[in-house]
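In what follows, a structure is listed as structure tokens, so that the remarks can point back to it.
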Amino acid sequence: MSNFDSESIPQPGMDATNNKAAQGRRVSIGDFSLYLYCAGEGTPSVVFDSGLGDAWTIWSAVLPQVANFTQTCAYDRAGVGESDPATDLVPDTRTSLQMVEELHRLLHNAQITDPFVLVGHSLGGGNVQLYASLYPDEVAGLVLVDPAHEDQIVRGEAILPRENISLMDQFYAMGQEGTSKQSLLESGEQFRSRRALPNVPTIVLAAGKTVMPEGWGTWPLEDMAALNKELQQDLVSRTPQAQLIIAENSGHYIHMEQPELVVEAIRQVVSQVRSAKQPE
């Protein structure tokens, strides 16, 4: 969860950067609507997916800079920020597959031109991988910001004291998205059983530090950091074009602590996508 100040970002109806029109709007995806914010011009479009419980504004240090060189879009998942709650929402049952299908409908109903470069943080990082495996023709590149891994919860709990596990269970359920540890474990199985990722330019940005919030007690930080690095390296090994970058001065929220790294990773992937489209 984040306490990021949304007043620091361009608001709907304002220019985001370089006088390129920025627009926030609600888009119907059937029985309910999701909030979508887009800025900038150019292709490929860069689409941002946030971590658990985070609104689109979490990208405010990154999105305006990316809008300088291509179209950017970020959205609020159902039950978050300015989006409606899902009409079929059953508490504690919401999985990544539902979120991905809703994002797919959102982008198509909003007429955002594919293929996209998908940028995802944490749970959003797992979601965009699932999206790429389900709709490979719509994805031109991936930037994964300390992304979720299917083994993250189970292997993480193996190194945590019992009181820490209880705190994490509370965190998993606090995102107002209908999630719980059980539904996130199901999401992990969806990640595990997905089809192979498309062979597209991919950058994985991994946290170089592990820091827990104040008041959360004592944590095995070195063991947690080692596990996270192992899991991120595993994700990199799955895609031929993928590379791993360690954000040495950041914890989990790299896009807030070292936004320049995220912007440069997106710039690199966008450049590779554009170069691949050039005639020989």
Side-chain angles (χ1 to χ4, degrees), residues 1-4 6 9 24-37 47-60 63 73-107 109-110 118-135 144-154 156-157 165-194 213 216 252-256:
M1 302 291 288
S2 169
N3 294 319
F4 204 80
S6 62
I9 62 169
R25 55 184 167 133
R26 289 163 57 82
V27 179
S28 173
I29 62 167
D31 294 333
F32 60 96
S33 296
L34 298 179
Y35 184 82
L36 180 70
Y37 180 90
V47 177
F48 294 89
D49 197 353
S50 306
L52 180 65
D54 287 330
W56 72 274
T57 53
I58 203 72
W59 298 101
S60 63
L63 188 149
C73 293
Y75 81 112
D76 288 336
R77 285 195 296 269
V80 176
E82 300 185 59
S83 288
D84 295 335
T87 52
D88 62 347
L89 181 61
V90 177
D92 303 333
T93 63
R94 194 158 170 77
T95 69
S96 286
L97 182 58
Q98 292 169 282
M99 300 171 189
V100 166
E101 294 296 356
E102 289 165 5
L103 175 58
H104 183 250
R105 293 201 299 272
L106 171 67
L107 295 175
N109 290 1
L118 299 181
V119 182
H121 168 242
S122 196
L123 177 64
N127 289 354
V128 298
Q129 293 175 74
L130 187 58
Y131 191 113
S133 72
L134 291 171
Y135 304 105
L144 309 176
V145 183
D146 217 39
H149 186 285
E150 61 265 25
D151 294 334
Q152 185 172 338
I153 293 178
V154 173
E157 288 190 349
I165 294 175
S166 177
L167 282 170
M168 292 305 300
D169 289 349
Q170 294 174 42
F171 171 77
Y172 296 142
M174 69 187 295
Q176 296 182 322
E177 299 187 56
T179 57
S180 65
K181 181 166 72 175
Q182 182 55 43
S183 68
L184 293 171
L185 286 169
E186 291 179 22
S187 295
E189 290 306 310
Q190 292 166 358
F191 300 159
R192 190 189 311 280
S193 61
R194 66 176 176 243
W216 277 43
H252 188 46
Y253 280 82
I254 302 169
H255 44 313
M256 296 176 67

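Since the model is a prediction, treat every value here as computed from it, not as a measurement.
Note: H255 and H121 have tilted aromatic rings, judged against thresholds of 30 and 60 degrees for the angle between ring planes. Between F48 and W59, the angle of the ring planes lies from 30° to 60°, which puts this pair in the tilted group.
With sequence neighbours excluded, the residues satisfying salt bridge (charged side-chain N to carboxylate O under 4.0 Å, His left out) with D49 are R77. Annotation: ring-ring contact (aromatic ring centres under 6.0 Å, His included) contacts of F191 (sequence neighbours excluded): none. Every residue was checked against the salt bridge (charged side-chain N to carboxylate O under 4.0 Å, His left out) condition with R105, not counting sequence neighbours, and none meets it. With sequence neighbours left out, D76 forms a salt bridge (charged side-chain N to carboxylate O under 4.0 Å, His left out) with no residue at all. Partners of E101 by salt bridge (charged side-chain N to carboxylate O under 4.0 Å, His left out), not counting sequence neighbours: none found.
Atom-to-atom distance recorded for L36:CG and I29:CD1 is 11.5 Å, nearest 0.5 angstrom. Here the NE2-CG distance, from H104 to N109, works out to 10.0 Å after rounding to the nearest 0.5 Å. Here the straight-line distance linking atom OG1 of T95 with atom CD of Q190 works out to 4.0 Å at 0.5 Å rounding. Atoms CD and CG, from E157 and L185 in turn, are 7.5 Å apart once rounded to the nearest 0.5 Å. Of the inter-residue distances, the one linking M99 atom CE with L123 atom CG reads 5.0 Å to the nearest 0.5 angstrom. We find the CG-OG distance between L106 and S83 to be 8.0 Å, quoted to the nearest 0.5 Å.
With contacts defined as side-chain heavy-atom distances shorter than 4.5 Å, the pair V100/R194 does not qualify. When side chains are defined from C-beta on, V47 counts as touching L107, because their heavy atoms get closer than 4.5 Å. Under the 4.5 Å side-chain criterion, counting only non-hydrogen atoms from C-beta, Y253 is in contact with D54. Residues V119 and V128 form no side-chain contact, since every pair of their non-hydrogen atoms from C-beta on lies 4.5 Å or further apart. The closest side-chain heavy-atom distance from Y37 to T57 is not below 4.5 Å. For the pair L118/N127, no side-chain contact is recorded, criterion being any heavy-atom separation below 4.5 Å from C-beta on.
A side-chain donor-acceptor contact under 3.5 Å links T179 to the backbone of Y172.
For the pair G126 and P147, the tightest heavy-atom approach, listed with the atom from each and the gap, is N-CB, 4.5 Å. Taking all atoms of both residues into account, the shortest heavy-atom contact from A74 to L63 is CB-CD1, 3.8 Å. Pairing each heavy atom of E82 with each of R26, the nearest pair is O-NH1, 2.8 Å. Between K181 and I165, the shortest heavy-atom contact is NZ-CG2, 4.2 Å. The two atoms that bring R94 and A78 nearest to each other are NH2-CB, 3.4 Å, heavy atoms only. The two residues S28 and S33 come nearest to each other via the heavy atoms CA-OG, 3.5 Å.
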I would like to know whether V27 and L34 meet side chain to side chain contact (heavy atoms under 4.5 Å, CB included); could you show each step before the answer? CA-CA 5 Å; V27 179; L34 298 179; 5.8 Å; no
Under the side chain to side chain contact (heavy atoms under 4.5 Å, CB included) rule, what do D84 and D31 come out as? Steps first, then yes or no, please. CA-CA 10 Å; D84 295 335; D31 294 333; over 6 Å; no
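The list of salt bridge (Lys or Arg N to Asp or Glu O under 4.0 Å) pairs with a residue in residues 182-191, not counting sequence neighbours, reads E189-R192.
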